[in-house]
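Inspection log for the structure reproduced underneath, given as structure tokens.
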Amino acid sequence: MSLDVRESVPLAPLTTLGVGGPARYFAEAEGEAAVVEAFRFAEARGVPLFVLGGGSNLLVADRGVDALVLRVRVRGIELMGGRGEASGGDASGGEASGREIGGGGEAGRALVRAGAGEAWDDLVARAVAEGLAGVECLSGIPGDVGATPIQNVGAYGQEVAETIVEVRAIDRATGAAAVLSGADCGFGYRDSRFKRAWRGRYVITAVTFALRPGGAAAVRYPELQRALAAPAGGAAPPLGEVRSAVIALRRGKSMVLDPADENGRSAGSFFMNPTLAPGAAAGVVARIEAAGVLAPGEAIPKYPAEGGRVKLSAAWLIERAGFAKGTRHGAAGISTRHTLALVNRGGATAEELLDLARRVRRGVLDRFGVALSAEPDLVGFAPGEIDDLAGGAHL
């Protein structure tokens with residue numbers, strides 16, 4: 001067997017939160033054949049298979065995970081179309097994909113295929129250096145390429161859904177490779193079919209993005225516009241300048257990996273921004289106005305979302321519900337820089353973090369009638385333990 005399976009491997013060091021117990025079994029797969037071997041191993045022992053990416057959007061239970069935890073290490077980046085020649089290795093992990101990325105396709109596009117095990121920010125840095133627009137606002141996000149379609153990773157007005165054209169994956173039921181179009185992935189706000197109808201069905205091994213050679217940066221987000229002194233509708237700054245500005249903004253919120261940062265042990269944003277139907281949003285706005293939490297002349301931050309819905313700022317709601325930056329609960333706390341981030345102050349347990357998350361969620365719900373949903377994957381918890389956090393409804 002080419003798959004090296006170990007037992008009782010600590011998972012806390014493999015996550016950015018640094019919290020959680022061990023994996024019953026743990027293995028790394030550098031190619032698709034090893035992924036299929038992992039399926040067989042888990043099936044033979046009657047345990048689930050959990051795919052671990054960069055560990056940046058994950059909270060592991062203190063008891064650990066009674067499963068085979070698989071770290072997908074399929075590497076390789078191919079850049080084609082923009083330069084007219086490929087660079088990097090085969091991102092399918094050595095097996096032919098049956099589809100060649102070349103200079104064809106739609107005019108003005110460069111197709112970039114990356115292995116699921118490539119670090120996401122390395123790919124973004126490469127694209128920016130090559131003058132390929134489409135992911136520059138997603139700079140500084142930790143984690144691996146393979147996780148980006150699952151979550152439809154987004155930041156500063158940009159989402160991977162805008163550029164993903166194909167996802168290559170192994171079907172757990174058959175062990176066969178499948179090529180899934182971006183249009184079929186059902187992308188939504190921090191959502192995709194991989195989290196819903198396809199949950200548990202596929203293990204992603206590569207993702208293909210359509211980027212724009214020489215394209216303009218997407219400077220749509222007001223905070224980024226201010227940081228760049230870029231007026232809406234004006235000429236876009238260079239990609240490299242946008243990348244630097246995004247990383248600076250993230251660093252200011254402790255949203256980049258930095259061992260020296262007191263807020264560095266986090267899973268990024270712990271809660272998603274709620275999106276509400278217009279009528280429900282109007283009710284929440286009325287409730288906020290009646291609560292007397294608005295400063296003179298202050299506007300409630302709200303933005304248009306898909307399907308005519310309204311997106312509210314979870315961070316703003318949390319602060320106005322009385323949870324200040326730096327709030328602590330044992331060794332867990334709210335970041336001193338960004339209200340959305342729950343952090344491990346040193347020695348925190350998963351239970352402490354969940355207790356704090358529940359306090360925050362209940363406070364926002366009681367004050368404003370909005371139920372926040374946790375953004376990270378919550379793994380290793382018993383049925384019913386996290387129902388109030390995972391996939392909560394927006395009331």
Side-chain angles (χ1 to χ4, degrees), residues 53-54 56-57 72 74-93 97-169 177-194 202-218 220 236 239-240 242-243 246:
S56 60
N57 193 49
V72 177
V74 178
R75 305 299 294 272
I77 297 175
E78 290 180 282
L79 304 179
M80 299 288 290
R83 293 282 186 244
E85 56 186 32
S87 59
D90 180 3
S92 66
S97 70
R99 301 171 71 95
E100 180 179 341
I101 294 179
E106 296 178 17
R109 299 197 319 169
L111 299 185
V112 180
R113 181 169 58 194
E118 291 287 343
W120 170 252
D121 195 50
D122 289 352
L123 176 63
V124 175
R126 177 86 172 268
V128 169
E130 294 276 343
L132 304 175
V135 292
E136 60 283 346
C137 296
L138 307 179
S139 294
I141 296 176
D144 291 348
V145 166
T148 60
I150 298 171
Q151 187 77 1
N152 184 19
V153 165
Y156 295 102
Q158 201 168 57
E159 294 178 333
V160 293
E162 299 171 40
T163 53
I164 290 177
V165 291
E166 283 184 356
V167 176
R168 182 178 172 88
V179 177
L180 311 164
S181 75
D184 288 337
C185 290
F187 291 123
Y189 171 64
R190 302 298 181 270
D191 192 29
S192 72
R193 284 196 177 130
F194 296 105
Y202 295 108
V203 172
I204 295 171
T205 58
V207 185
T208 301
F209 303 87
L211 305 181
R212 304 185 308 280
R220 302 185 284 245
L239 297 180
V242 173
R243 172 173 166 79
V246 167

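Values reported hereafter were calculated over all heavy atoms of this structure, with side chains retained and with hydrogens, waters and symmetry mates removed. Residues take their numbers from the sequence shown, with the count starting at 1.
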Subject >> Minimum heavy-atom distance between Gly108 and Pro213, given as atom pair plus value >> reply: O-CD, 3.3 Å
**OP:** State the CD-OH distance between Gln151 and Tyr189, to the nearest 0.5 angstrom.
**Re:** 9.0 Å
Original post:
Does Arg212 use its side chain to pair, donor to acceptor, with the backbone of Ala216 at less than 3.5 Å?
Top reply: yes
Subject >> Test log, rule side chain to side chain contact (heavy atoms under 4.5 Å, CB included), inputs Leu132 and Phe209 >> reply: CA-CA 11 Å; Leu132 304 175; Phe209 303 87; over 6 Å; no
Original post:
Quick check: does any side chain N or O of Trp120 sit under 3.5 Å from a backbone N or O of Leu138, one acting as donor and the other as acceptor?
Top reply: yes
Subject >> salt_bridge(Arg75, Asp144) N-O dist < 4.0 Å >> reply: no
Original post:
Which heavy-atom pair separates Glu159 from Gly188 by the least distance, and what is that distance?
Top reply: OE2-O, 4.4 Å
**OP:** Check for a donor-acceptor pair, side chain of Glu136 on one end and backbone N or O of Gly134 on the other, with a separation under 3.5 Å.
**Re:** yes
Subject >> Main-chain N/O of Gly154 paired with Arg190 side-chain donor or acceptor, under 3.5 Å >> reply: yes
Original post:
Hey, is Glu162 close enough to Arg220 for a salt bridge, meaning N to O under 4.0 Å?
Top reply: yes
**OP:** Report the residue from Ile77, Val207, Leu123 that forms a side-chain contact (heavy atoms from CB on, under 4.5 Å) with Glu118.
**Re:** Ile77
**OP:** Could you pull out the closest heavy-atom pair between Ala169 and Tyr202, with the gap in Å?
**Re:** CB-CB, 3.7 Å
Original post:
Does Val165 reach the side chain of Arg109, with side-chain heavy atoms less than 4.5 Å apart?
Top reply: yes
Original post:
Gly215 and Ala133: which non-hydrogen atoms are nearest, and at how many Å?
Top reply: O-CB, 3.5 Å
Subject >> Donor-acceptor contact below 3.5 Å, side chain Ser139 vs main chain Val246 >> reply: no
Original post:
How would you list, by chain and number, every residue that makes a side-chain hydrogen bond (donor to acceptor under 3.5 Å, both in side chains) with Asp122, sequence neighbours excluded?
Top reply: none
Original post:
Under the 3.5 angstrom rule, does the side chain of Asp121 hit a backbone N or O of Gly140 as a donor-acceptor pair?
Top reply: yes
Original post:
Considering residues at least two apart in sequence or located in another chain, which fulfil the side-chain contact (heavy atoms from CB on, under 4.5 Å) criterion with Asp191?
Top reply: Lys195, Arg196
Subject >> Separation of Leu79 CG from Glu130 CD (nearest 0.5 Å) >> reply: 5.0 Å
Original post:
Short question: side chain of Asn152, backbone of Ala161 - any donor-acceptor pair under 3.5 Å?
Top reply: yes
Original post:
Quick one: does Thr208's side chain have a donor or acceptor within less than 3.5 Å of a partner on Arg113's backbone?
Top reply: no
Original post:
Would you call Cys137 and Val242 a side-chain contact if the rule is heavy atoms closer than 4.5 Å?
Top reply: yes
Original post:
Any idea which heavy atoms bring Leu239 and Gly131 closest together, and the distance?
Top reply: CD1-C, 3.7 Å
Subject >> Shortest non-hydrogen separation from Ala116 to Ile204 and the atoms involved >> reply: CB-O, 3.3 Å
Original post:
Sub-3.5 Å donor-acceptor pair from the side chain of Ser192 to the main-chain atoms of Cys185, do we have one?
Top reply: no
